[in-house]
Q: 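Following this message is one structure expressed as structure tokens.
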Amino acid sequence: MTSAVIIVLREVLEAMLLICMLMASSSAMKLTLRWLVPALVAGLGGALAYAVFLESISMSFEGFGQEIINSSLLVATMLLLAAHNFFVIRYLNSPTSIANDSCLLVFVLVGAAALGITREGSEIYLYAYSYGLVAGDETSVLAGGAIGAGIGLSLGTFIYYGLKTLTPRHCLVLSCGIALIIGAGMTSQAALFLAQADILPATEPLWDSSALLRESSLLGELLQAAIGYEASPTLVQISLHLGAVLLSIAAMVLGYFSLAGNRKTA
Amino acid sequence: MMSSVINRVLALIFLWGVTTVVSAQTPEFIIEIREHLFYPSELKIPAGQKVKLIIYNRDATPEEFESYELNREKVIVGNSQGIVFIGPLKPGEYPFFGEFNPKTAQGKIIVE
Amino acid sequence: MASIRLFLTLTLISIIVLVTFLSSLRGYQESMIEAERLFDLQLLEHVKLLSLAKPAVTATSANEVFEELMLPDQGDLNLSAEMVIAYQIFSENGRLLSRSVIAPFTAMGPFEVGYRDVNFNGYRWRLLVIRDLEEQQWLMAAQRYDVRYELAESVILQSVTPTVLSIPIAAILIWFIVGYGLRPISLLAKEVRSREASDLSRVQLDGVPRELTPLTQSTNDLLRRLQSSFSREKRFAADAAHELRTPISTLKVQVHNLLAELDRPSATAEELRQGVDAMGHLVEQILVLNRTAPDQYMVQFLPVDLYELVKDVVSAEFEQVLQREQVFELDGSTAVVSGDATALRSLVQNLLSNASKYTPVGGAIRMNVREVDQQVQLVVEDSGPGIPQSHHERVFDRFYRLDGDRNASGVSGSGLGLAIVKHIVEMHGGDITLSASEALGGLCVTIMFNASANDSASQHNNKVIA
């Protein structure tokens, strides 16, 4: 049961952190939460498709289809999160800009949430499905899955309402920070996948902090889900992580100045 | 998604370049999964070198090869195989497990 | 929008889920560790028994196998087959002395004392190796991991499952309890919402909770101030109009006399007469408007034949239509509504004069009275310029005139006609809609009254008026 709890909790928590952050920031920007519907539909559809076609996906790209699709999904989510930060900073700078941006912004929100659900949902589906074939273990998987999902959804609820108790301005700034951290964590995860497929050069890990905090511990799992904690990262991983942070910051700076320019011309 | 298309193209280019080199010098090791168990459950590999791990899943159910210490995770669907590159690694023990059956599917890689 | 009920329900359930799930997860893990320890102890007991039995001394062949025990109950035997323990006994030099049926011929694990996990026979086993110094032999006993795990888990899950299943029940209960707790708010909202526009009396609710008392108090305060300023405004308009009546009549007489005294017709004097007439009309309209305001009206409704009434009004007002050389047409049949004849007369008058005023000379006006589905429909159409859709809401406002004072038709008016019409329709519990006339191209006013035969409708009307 513990494994069911851990798998489901990890995936649900990753997805909830992303989605709740997006929900809080979009409602701080006075958007309706209607974008959730297409995001859920697309995400769940994507998860189902991914899990069902996993076999052919795995066989593609000389057996590295999984790694390539996973890292593409991760990098795409990171880019969308950077775009989210761009729009948030723009909004903070001039709240009226939202009227022109709302269409693109909704696309970014739907895209990021759907990609997140696709990745996490397929993992859960695959796990549940693999057990569906093995009779006799349903109770433990269902109970464990329910506990994992329950804890994950509850934490998500608190993340959402916690962000909502802040003033819109603080909520948006914090959301940007969360988006930046999640995005960077995703990028370093993508780097791992690419190293696993031997697409990125493999090097020895720079350090090993597993003595301080093991990845397999509960806190380690939580931190890995939240900020992409890695006990023994490689140089490539760290550089890509920093690259994602810089990209996100660049997007925010761009968002800040994109309107300053507009104001001058206006 | 534009970025994923670019990624795929990049990946293809990389793959072509890399695999031709890899096949010449990277040592290969085989692990099998039967009845949610790894065979062998202890695998010795050389240190400081990249290694190609071929994992055969003989079960009908999928299994996720996972290792926190190796930083690797890969789903291997039923009755198929998957390739995972690991290393270069420092000497030591690196446990791995099957995420879907962690109680029984356990093993470790010993780097010497 | 943010909902208190949703917020409370979600956060309360989340707290319950987190507390119970985390504690039962913790309990589960502790129990599993304890169960592991018990199974290990069981293995140890088994090995101790094995060493006491000393079976190996006589057994020399490695192929010799112990007979399984015979139990009286075959069901128990099946159950124990699941939990079966494989054992081997080796001599000091590693020769297999004895084994159970399911144990392999080779050693199950290395010759090292202690517990360890090994794989053989396609399963993962928990192995205990003991060295019996006295007998100079190695004892090995192993138990299948998956069996141990399943047994332990099935026992422990019995306590976890009810916790998980109880959450949806708790969620439903919380949803309804929070809804019940918030009911005074929705009752208050309903009480305020369901009032007539003119009803400015105090909000009164029984058992208002302490948290809502300031709200009801401040609402009542606001209503009281609103009411006093409302009645002041209403009285002022009516009083002023009433006071203006006498001087205007005097003015009319004087203008009449002035016209008679003039030798030749004067355009200025004629304009003066028209101005005074218009002023008189305006004052009359203001008085009608105040008399017919729904909250002012106090008379009992009587059955009125709307068709006859329309005919009557038309014959009285026909001069205006004739002057403007307009084609007038009246269709319909007897249609009885329950209402006040004076007010209805004023309604038809206003509609007809509006239609005639805004329809160009030589245009057409059509009126129609008929019964439709227990309702009486009055339609007035004209071939005038009509009213654009965007103004349909506002033309019923008092003193609102299309395009302000520079009215395209150049017609003078009080801007009160449609406001009066609306008042009278509302007071009869009817319905008024404006649209473009399909037949004539101008404005089409459609008014629906409840037919007088409908008792419940007239009762409703009485209630509204009272």
Side-chain angles (χ1 to χ4, degrees), chain A residues 1-10 12-13 16-17 19-20 23-24 26-28 30-34 36 131 134-168 171 216-219 221-222, chain C residues 1-36 82 123-124 144-171 174-175 178:
Chain A
M1 190 185 83
T2 320
S3 61
V5 173
I6 288 176
I7 291 177
V8 175
L9 171 60
R10 197 180 52 203
V12 169
L13 191 62
M16 282 306 275
L17 182 63
I19 292 166
C20 292
M23 278 167 69
S26 70
S27 71
K30 301 192 177 61
L31 286 175
T32 62
L33 293 180
R34 252 174 292 168
L36 264 179
Y131 262 89
V134 185
D137 236 1
E138 291 95 346
T139 329
S140 123
V141 170
L142 286 179
I147 288 179
I151 295 175
L153 292 172
S154 302
L155 288 175
T157 309
F158 285 119
I159 293 169
Y160 176 67
Y161 282 116
L163 283 171
K164 290 258 292 187
T165 54
L166 303 174
T167 61
C171 170
S216 53
S217 67
L218 187 65
L219 186 65
E221 289 267 10
L222 284 180
Chain C
M1 278 295 99
S3 148
I4 298 180
R5 189 179 191 180
L6 198 63
F7 167 74
L8 286 177
T9 310
L10 282 180
T11 47
L12 286 176
I13 294 170
S14 296
I15 289 171
I16 293 177
V17 164
L18 279 182
V19 171
T20 57
F21 281 13
L22 285 177
S23 64
S24 64
L25 192 61
R26 180 91 188 139
Y28 168 87
Q29 281 171 329
E30 299 281 324
S31 309
M32 283 305 269
I33 292 169
E34 194 57 28
E36 293 272 294
E82 280 271 288
Y123 293 106
R124 192 165 181 83
R144 261 169 63 184
Y145 238 114
D146 54 333
V147 173
R148 281 164 63 117
Y149 187 74
E150 258 171 46
L151 275 173
E153 185 162 68
S154 67
V155 173
I156 298 163
L157 272 182
Q158 305 280 332
S159 67
V160 173
T161 324
T163 321
V164 175
L165 291 180
S166 64
I167 292 298
I169 300 169
I174 289 174
W175 172 255
V178 168

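Heavy atoms only: backbone and side chains are in, while hydrogens, waters and symmetry mates are out. Everything numeric in this text was worked out from a predicted model, so none of it was measured. Below, chain A is the first sequence line, B the second, and so on; all start at residue 1.
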Q: Between Met16(A) and Tyr160(A), does the side chain to side chain contact (heavy atoms under 4.5 Å, CB included) criterion hold? Intermediate values first, please.
A: CA-CA 9 Å; Met16(A) 282 306 275; Tyr160(A) 176 67; over 6 Å; no
Q: Please classify the contact between Ile15(C) and chain A as side chain, backbone, both or neither, with a heavy-atom cut-off of under 4.5 Å.
A: both
Q: Do Thr157(A) and Ile13(C) come close enough that some side-chain heavy atom pair is under 4.5 Å?
A: no
Q: What part of Tyr149(C) lies closer than 4.5 angstrom to a heavy atom of chain A: side chain, backbone, both or neither?
A: side chain
Q: Measuring only between side-chain heavy atoms, which start at C-beta, is Tyr28(C) closer than 4.5 Å to Val5(A)?
A: no
Q: Does atom CG of Leu33(A) have more than 12 heavy-atom neighbours, drawn from other residues, nucleotides or ligands, at distances under 6.0 Å?
A: yes
Q: Side chain, backbone, both or neither: which part of Ser24(C) has a heavy atom under 4.5 Å from chain A?
A: side chain
Q: Of the backbone (N, CA, C, O) and the side chain (C-beta and beyond), which part of Leu157(C) lies under 4.5 Å from a heavy atom of chain A, both, or neither?
A: side chain
